[in-house]
Number of protein chains: 2
Amino acid sequence: MSAAESAVETIQREMTIFARRARASAGRMHPELSLVSYTLLGHLEEQGGCRATDLAAHYALDKSTVSRQVTALERTGLIERRLDPEDHRVQVLHLTEAGQEILAQVTRSRRTAFRERLRDWPEEDLVRFAAYLERYNAGPAGADEQ
Amino acid sequence: MSAAESAVETIQREMTIFARRARASAGRMHPELSLVSYTLLGHLEEQGGCRATDLAAHYALDKSTVSRQVTALERTGLIERRLDPEDHRVQVLHLTEAGQEILAQVTRSRRTAFRERLRDWPEEDLVRFAAYLERYNAGPAGADEQ
DNA sequence: TACTCAAGTTGTACTATACAACTAGAACGC
DNA sequence: GCGTTCTAGTTGTATAGTACAACTTGAGTA
């Protein structure tokens, strides 16, 4: 097996290990904001607001799933919907103040955990690892993860 | 924010995206074997059989969850239970022939998907990415979980 | 104007999960 | 040796997250 093939094997195995662990434990650390809600809020902050359809596309979720998530997040006051005056089918979603606060708080505590875990990594490796992950996740949807 | 800090942010975000997508897409690709079932079968193969309690401990799952998974896997003929003659509370779980075959088949097809996704990556990047993932997952169990 | 496309909601169903209450069997203490 | 406590597993119940299909509403277009 070539070095490339064996690297692909390793990537598969390690991504699987990570995926298997992640969700089970995410809820334990932040019961107030599930992993899914957290990522949706994060995207809203990053983008400065977007449509439900954009969230669905970005996370490869069904629009009905996003619709329910959005409903829940609105009910708990973390996001708000603003009707697009140009197109009345569209709701542009924005973080509320409360949403920004909770997101920041969870981000801080998650960041602490990640920092701890990545404590001994040289900056150069951190930067490269981050770039690889972005590239992997941005990959073609067809060959989608796993 | 330093380059290292912003890289940690990115790593956190991208790992999260991956974790959230993994299960859903695993189900799409292999309707016959969910990510959870896959990892349970993998563990059984690796260990050459074990108890339900061992699976629960290893994957940090509730024993009821494992019990139901095991029931389903037995019903579809992928594993079998053998009563421990020493201790009648214990069932030792083993892969059946069918279980071994499906496990091998899904492993092959997952490998193909990963290869496809990583097709355009230079070997150097594959090797480094693999090493980073191993290093990340090997980190201290405490900071393990997001 | 009528057809078609896009955004989102709702009904329904399923999987994975946890927690609690339970059964059955084993082991220990006195 | 007999009760108490521990261990393995099952079952009842509840919840989150998800998909798919059917629908509504609004926009764009032939």
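Note that these values count all heavy atoms, side chains included, but never hydrogens, waters or copies made by symmetry. Just so we're clear, the structure is a prediction, and the values are computed from it rather than from any experiment. Proteins get letters first, then strands, A, B, ... in listed order; numbering begins at 1 in each.
Going from atom CZ of B:Arg68 over to atom CG of B:Asp62 covers 9.0 Å, rounded to the nearest 0.5 Å.
Phosphate contact (OP1/OP2 of C:dA18, side-chain N/O of B:Thr65, threshold under 4.0 Å): present. Regarding contacts with the backbone of D:dT10, a side-chain N or O of B:Gln91 is found under 4.0 angstrom from either OP1 or OP2.
Protein atom OH of A:Tyr59 is 15 Å distant from nucleotide atom C1' of D:dG17, rounded to whole Å. Taking atom CD of A:Glu74 as the reference point, atom C1' of C:dG8 lies 13 Å away to the nearest angstrom. Straight-line distance from the CG atom of A:Leu73 to the C1' atom of D:dG17: 13 Å, rounded to whole Å. The nearest whole Å value for the distance from the CG atom in B:Leu61 to the C1' atom in C:dC19 is 14 Å. Rounded to whole Å, the distance from CD on A:Glu86 to C1' on D:dG28 is 15 Å. Atom pair B:Asp84:CG and D:dG9:C1' shows a separation of 14 Å (rounding to whole Å applied). Rounded to whole Å, atom C1' of C:dA26 lies 13 Å from atom CZ of B:Arg51. For the pair A:Leu35 CG and C:dA16 P, the interatomic distance rounds to 18 Å; values are reported in whole Å.
With respect to B:Asp84 and B:Arg51, no salt bridge is recorded, no charged nitrogen being found less than 4.0 Å from a carboxylate O.
Clustering ILVMFWY residues whenever any of their side-chain heavy atoms sit less than 4.5 angstrom apart, transitively, puts A:Tyr38 in the very cluster that holds A:Tyr59.
Scanning for side-chain contact (heavy atoms from CB on, under 4.5 Å) contacts around A:Glu80 gives A:Arg82, A:His94, A:Thr96, with sequence neighbours left out. Taking A:Arg81 as the reference, A:Glu74, A:Gln91 meet the side chain to side chain donor-acceptor pair (under 3.5 Å) condition, with sequence neighbours excluded.
Looking at which nucleotide of DNA chain D each of B:Ser67 and A:Val36 is closest to, the 5′-most match is held by B:Ser67.
Counting non-hydrogen atoms under 4.0 angstrom, A:Thr71 reaches nothing in the nucleic acid.
Using a 4.5 Å cut-off on side-chain heavy atoms (C-beta onward), A:Val92 and A:Cys50 make no contact.
When each of D:dT10, C:dT9, D:dA8 is scored by its nearest atom to the side-chain atoms of B:Thr53, the top-ranked nucleotide is D:dA8.
Relative ring orientation between B:Tyr132 and A:Tyr132 is described as tilted, the plane-to-plane angle lying within the 30° to 60° band.
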Contact list (N/O, under 3.5 angstrom) for nucleotides 20-25 of chain C vs protein:
| residue | atom | partner | partner atom | Å |
| --- | --- | --- | --- | --- |
| C:dG25 | N2 | B:Arg89 | NH1 | 2.9 |

